[in-house]
There are 2 protein chains.
Amino acid sequence: MITLTEENYIKAIYHLSNNGTENVNTNAIAEAMSTKASSATDMIKKLSEKNYADYKKYQGVTLTEKGKRVAVNIIRKHRLWEVFLVEKLNFTWDEVHEVAEHLEHIKSDKLIDELDAFLEHPTHDPHGDPIPDKNGNFQHIDKIVLAKANIGVAYKCVGVDDTSTAFLQYLDSNGIALGTMITVIHKEPYDNSVKIQLKDTEIVVSQSVAKNLYLKKV
Amino acid sequence: MITLTEENYIKAIYHLSNNGTENVNTNAIAEAMSTKASSATDMIKKLSEKNYADYKKYQGVTLTEKGKRVAVNIIRKHRLWEVFLVEKLNFTWDEVHEVAEHLEHIKSDKLIDELDAFLEHPTHDPHGDPIPDKNGNFQHIDKIVLAKANIGVAYKCVGVDDTSTAFLQYLDSNGIALGTMITVIHKEPYDNSVKIQLKDTEIVVSQSVAKNLYLKKV
DNA sequence: AATAATTTTTAGACTTATCTAAATTTGTTT
DNA sequence: AAACAAATTTAGATAAGTCTAAAAATTATT
Ligand SMILES: [Mn+2]
Ligand SMILES: [Mn+2]
Ligand SMILES: [Mn+2]
Ligand SMILES: [Mn+2]
């Protein structure tokens, strides 16, 4: 049996490790879980004993294949529920994350398979993140960050890195959503802010916005 | 903050107390929760301290108004999720209970209000049990148990008392579902079994079936 | 290479929910 | 009213997950 807490740690490690490819520090895990390093150490040991992770003292931790499977499955559930909330229950993209944090732990294969079918097998969640299929395969989008976009090229907004309410509401209030067309007009070297052309308006966004918005050439 | 375990105990007490009207014994609670009397005592004390229940040592417990509100809200969530699973995700009425036991603890007013609207404000769950509205009001059906039905009168099946998989699958395999028309042909005094007329067939059901099936005159 | 700073682990304590075994209270018989 | 039986509570332990404070290992700096 896997506990809810174990699932949350595994998911955090998966994200911190760049989808299970890199080693992760104890402090980074503690920070991500809003807990103390000593608690993270305890959990890392437990995950290691249960073969969800490989761990050598003082050397950080990596997810095993088993651990990665668990992580991907929780991410699948999280993102499917997010789609459900937005598509069927009138949630906005800044409201879904918290509820999905809980729904992702409901254990029922039939539930998630039927939900997937009910939503007509969506490939991306409301933040543009890919939804792994039943076998754990992601559909990868070839996206770049606004900060690296070229001047004068037409792009479409396809995702966000930061999914905080504050950032998503900032985008809302500036008329930026998934699918919005964006062209870079000017990149300001002084503060790395970017002037962009939207449908009817031109706006300037800060570097932190430019680093959290994903675009795709059209 | 209320814990998941507290919610489950409160719900159990609500059901055992005949919807919050009667006093409940420690042993009955322990039995319902599949735990030991000593554990039940501990939780009863805690619920009492938190004003979900009134409790005097050795005298059993009653839910307070606050406790009843919590219970009714969980029951509302449980039954709405059951409707969702059957209506939208192709679950059968014998598959929903276990998953709903978990979904009922997700805390989001928006989620449950939107789910209610999405399902078009259902009044009864897949087992015929009434779904309380947002204010906790039940829509009462005037139902009787098959064992007390009169011979020759036309009834409609409107609910079940036992929601176990075994019982529900028994009903399935005998062509009995919510909405099925039933007329009593004969009541056998020897073992209290009942011969009933369905659409095309006549079948004999045992006393335990007759006591768990609810009917309404049409 | 020695020392200092940082990171990580250990030790011991706390909380929630559970258990077993023993003690207490209540209810039922004689 | 005393004795017995049943129900309930208390006492003391355990497991999961957390914390603080101290110890140990690693990494960075001189
Ligand atoms: Mn999310
Ligand atoms: Mn998302
Ligand atoms: Mn149920
Ligand atoms: Mn039900």
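Naming: A, B, ... by sequence-line order, numbering from 1 per chain. These numbers were taken from a predicted model, which means no experiment stands behind them.
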Spacing between [X] atom [atom1] and [N] atom [atom2], to the nearest angstrom:
{"X": "B/Lys45", "N": "D/dT10", "atom1": "NZ", "atom2": "C1'", "answer": "7 Å"}
{"X": "A/Lys36", "N": "C/dT10", "atom1": "NZ", "atom2": "P", "answer": "19 Å"}
{"X": "A/Gln59", "N": "C/dT7", "atom1": "CD", "atom2": "C1'", "answer": "11 Å"}
{"X": "B/Tyr58", "N": "D/dA5", "atom1": "OH", "atom2": "C1'", "answer": "15 Å"}
{"X": "A/Ile44", "N": "C/dT8", "atom1": "CD1", "atom2": "P", "answer": "8 Å"}
{"X": "B/Lys57", "N": "C/dG27", "atom1": "NZ", "atom2": "P", "answer": "16 Å"}
{"X": "A/Met43", "N": "D/dT18", "atom1": "CE", "atom2": "C1'", "answer": "10 Å"}
{"X": "B/Glu6", "N": "C/dT18", "atom1": "CD", "atom2": "C1'", "answer": "15 Å"}

**Request:** Identify whether any heavy atom of A/Thr5 sits under 4.0 Å from a base atom; if not, whether one sits that close to sugar-phosphate; answer base, sugar-phosphate or nothing.
**Result:** sugar-phosphate

**Message:** At 4.0 Å (heavy atoms only), tell me whether B/Thr3 reaches a base, stays on the sugar-phosphate, or touches nothing.
**Reply:** sugar-phosphate

**Flag if over 12 foreign heavy atoms under 6.0 Å of CG, B/Asp142** = no

**Item:** Heavy atoms of other groups near B/Lys187 NZ, more than 12 under 6.0 Å
**Value:** yes

**Asked** Can you find a side-chain donor-acceptor pair between A/Asp125 and A/His78 that sits under 3.5 Å?
**Response** no

**Request:** Give a yes/no answer on whether the side chain of A/Thr41 brings an N or O atom under 4.0 Å of OP1 or OP2 in C/dT9.
**Result:** yes

**Request:** Answer yes or no: does a side-chain N or O of B/Tyr9 lie under 4.0 Å from OP1 or OP2 of C/dT18?
**Result:** yes

**Item:** Residue met sooner reading DNA chain D from 5', once B/Lys56 and A/Asp42 are mapped to nucleotides
**Value:** B/Lys56

**Asked** Do the rings of A/Phe84 and B/Phe118 sit parallel, tilted or perpendicular, given the 30° and 60° boundaries?
**Response** perpendicular

**Residues in contact with DNA chain D, drawn from residues 21-35 of chain B - heavy-atom cutoff 4.0 Å** = B/Asn25, B/Thr26, B/Asn27

**B/Glu65 and B/Lys68: CA distance, side-chain angles, deciding distance, salt bridge (Lys or Arg N to Asp or Glu O under 4.0 Å) verdict** = CA-CA 5 Å; B/Glu65 285 307 311; B/Lys68 278 185 239 176; 3.2 Å; yes

**Item:** Quiz item: B/Ser38 side-chain donor-acceptor pair to D/dT8 base, under 3.5 Å
**Value:** no

**Message:** For the CD1 atom of A/Ile74 and the CD atom of A/Glu101, what is their distance to the nearest 0.5 Å?
**Reply:** 10.0 Å

**Shortest non-hydrogen separation from B/Lys211 to B/Ala147 and the atoms involved** = CG-CB, 4.2 Å

